[in-house]
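In the text below, chain A, chain B and the rest are named by the order of the sequence lines, each starting its count at 1. Values below: every heavy atom of this structure, side chains too, minus hydrogens, waters and symmetry copies.
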2 protein chains.
Amino acid sequence: MKTERYRKSLVSLAKEGVLKYISSNNLKPGDKLASEIELSRIVGVSRSTLREALAELSREGYIYKKQGKGTFVMERANFLRSGLEKFEGVTEVIRSFNYKPRTEVIKIEVGAPNEEIKDMLELSEEEMVVTFYRKRFANDKFAVYSVSSSPASLFVDGIPKCFENESMIDYFENHLKIKVNAAIAEISPFVFDENMSRKLGIKPGILFLLLKQVVVDSMGRKVIYSLDYYNSELFRFFINRKR
Amino acid sequence: MKTERYRKSLVSLAKEGVLKYISSNNLKPGDKLASEIELSRIVGVSRSTLREALAELSREGYIYKKQGKGTFVMERANFLRSGLEKFEGVTEVIRSFNYKPRTEVIKIEVGAPNEEIKDMLELSEEEMVVTFYRKRFANDKFAVYSVSSSPASLFVDGIPKCFENESMIDYFENHLKIKVNAAIAEISPFVFDENMSRKLGIKPGILFLLLKQVVVDSMGRKVIYSLDYYNSELFRFFINRKR
DNA sequence: GAGTGGTCTAGACCACGCC
DNA sequence: GCGTGGTCTAGACCACTCC
């Protein structure tokens, strides 16, 4: 019989073990941990597994290592909040600020792409794209103006009229079986002209952050090209940068 | 006798081996590589080492894996250019755009920090800071206005008048033996008011990107808090985002 | 069931920092 | 010389995919 039960990986159990070891031994920032060999016995895993756990804890800012000396507790846990280096869709961003997201579809276009889109998605001649123009609200305040284009060939079940409480990313993953993996984003400051401000129903002069993104799936295919204009009065964007 | 010679790590040799295998077998995007066991024999390393090499190649966008199926050549190599997720100082950023950097020091202040700086650097009471106000030029065009503060206690050799053709980061690493490791940055759009525009010698209304950063060394100490205002007409900022 | 990648182990040897 | 982290190996077993 197969007693199928949920199992965490040993590595993540080892991470918890190390953190528990640190707190139960009351280690302070700058203090030295036991050697890897000892720690592996304490935590109850092999040294390789422990080292993988230590590597993750180091990336997450809990500890640091010095070759030939030892492993030490970090001055302070940094990087608690993930930033722009982690890919999230607009819906996820709005939710992560504890705002209630709402979407208003302005229009959906199907047709030949303009040069920019064709370039960014590396489309072949005559390939069609679907472009969604949407206003996004956070707690009913205007939050993001977003223009997203995808190759029409991806929409095997026809083009959705909206994404029924789902984010576009979720739609891609759940319905189209496209696993979104990464994005290359360009970030720049932006202000809408008076005309566009009126259309979007905002007062002119508000500063926006424009995120131009090419979204890539797990096989490296370029599946979305989007322009997302974030109202800088509602959002703060962080980036965790490593040397 | 010990013939001390330069040795690359086996992992990086294995990476080269895998890339050579791909090209010499003329594998195209979407093609399947040999299994890990086979590949490890072909490349001549153990499976663990090979797997580490494959993991890096996957991060770098050359290949992708599907459990139970195999390893495949990526549709295209993405992420060729590193972006904001990699920490660089202003000088490095200017150089990476192939501009010639120049710095003009406006003033250097030593004294008690304001609340913001004290907060961000987590200073104790009565700790002093040094603040550098600098204009940075790229090919003699105004590129960045930068305000950087550090705890005065770090400057063991006295406060430098300028950084003599060195970047501040280099000065920290070479003279103060402080290994800069990471930064937490907040990015936002910005415009200078007329008064400040005049002082900086730019025409008003230019859009800037403000990068507020806390720079952290290898031990997790907060060593610099800086505000860097980048002229968006001269720079384009990219971020590689992973799911 | 066969084949693939995913996880984990025990142990060897190397390179660095310090006494 | 000794202890530390860094690298590498050979091999076991698991989970997923496809036939």
Listed pairs under 3.5 Å, donor-acceptor, residues 63-71 of chain B side chains, sequence neighbours left out:
from    : atom 1 : to      : atom 2 : distance (Å)
B:Lys65 : NZ     : B:Glu36 : OE2    : 3.0

Enumerate, atom names and distances included, each donor-acceptor pair closer than 3.5 Å involving a side-chain atom of residues 22-29 of chain B, sequence neighbours excluded.
from    : atom 1 : to      : atom 2 : distance (Å)
B:Ser23 : OG     : B:Leu19 : O      : 3.4
B:Ser23 : OG     : B:Lys20 : O      : 3.2
B:Ser24 : OG     : B:Lys20 : O      : 3.1
B:Ser24 : OG     : B:Tyr21 : O      : 3.4
B:Asn26 : OD1    : B:Lys28 : NZ     : 3.1

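What separates CD of A:Glu52 from P of D:dG5 is a distance of 16 Å, to the nearest Å. One can place CG of A:Leu54 at 9 Å from P of D:dG6, the figure rounded to the nearest angstrom. Going from atom NZ of B:Lys65 over to atom P of D:dA15 covers 18 Å, rounded to whole Å. Regarding B:Glu56, its CD atom lies at a distance of 14 Å from the C1' atom of D:dC8, rounded to whole Å. One interatomic measurement links the two molecules: CG of B:Leu57 to C1' of C:dG5, which rounds to 16 Å at whole-angstrom precision.
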Protein-nucleotides 9-11 of chain C N/O pairs under 3.5 Å:
from   : atom 1 : to      : atom 2 : distance (Å)
C:dT9  : OP2    : A:Ser46 : N      : 2.9
C:dT9  : OP2    : A:Ser46 : OG     : 2.9
C:dT9  : OP2    : A:Thr49 : OG1    : 2.3
C:dA10 : N6     : A:Ser48 : OG     : 3.3

Hey, what are the protein-to-nucleotides 2-4 of chain C N/O distances that come in under 3.5 Å?
from  : atom 1 : to      : atom 2 : distance (Å)
C:dG3 : N2     : B:Gly68 : O      : 3.2

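Taking A:Glu173 as the reference, nothing meets the side chain to side chain donor-acceptor pair (under 3.5 Å) condition, with sequence neighbours excluded. For A:Thr131, the side chain to side chain donor-acceptor pair (under 3.5 Å) partners at least two apart in sequence or on another chain are A:Ser149. Residues satisfying the side chain to side chain contact (heavy atoms under 4.5 Å, CB included) test with A:Glu16, not counting sequence neighbours, are A:Lys8, A:Leu13. Residues passing the side chain to side chain donor-acceptor pair (under 3.5 Å) test with B:Ser40, sequence neighbours excluded: none. In this view, B:Ser48 and B:Ser46 satisfy the side chain to side chain contact (heavy atoms under 4.5 Å, CB included) rule, not counting sequence neighbours. For A:Pro101, the side chain to side chain contact (heavy atoms under 4.5 Å, CB included) partners two or more places apart in sequence, or in a different chain, are A:Thr91, A:Ile94, A:Arg95. Qualifying side chain to side chain donor-acceptor pair (under 3.5 Å) partners for B:Tyr225, counting only residues two or more places apart in sequence or in other chains: B:Glu116.
If one axis is set at each end of the helix from C:dG1-D:dC18 to C:dC18-D:dG1 from five pairs, those axes are 10° apart, to 10°.
Each of A:Ser12 and B:Ile37 was assigned the nucleotide of DNA chain C with the nearest heavy atom; the assignment lying further toward the 5' end belongs to B:Ile37.
With respect to B:Arg236 and A:Glu186, a salt bridge is recorded, a charged nitrogen being found less than 4.0 Å from a carboxylate O. The pair A:Arg243-B:Glu92 meets the salt-bridge criterion, since a charged nitrogen lies less than 4.0 angstrom from a carboxylate oxygen.
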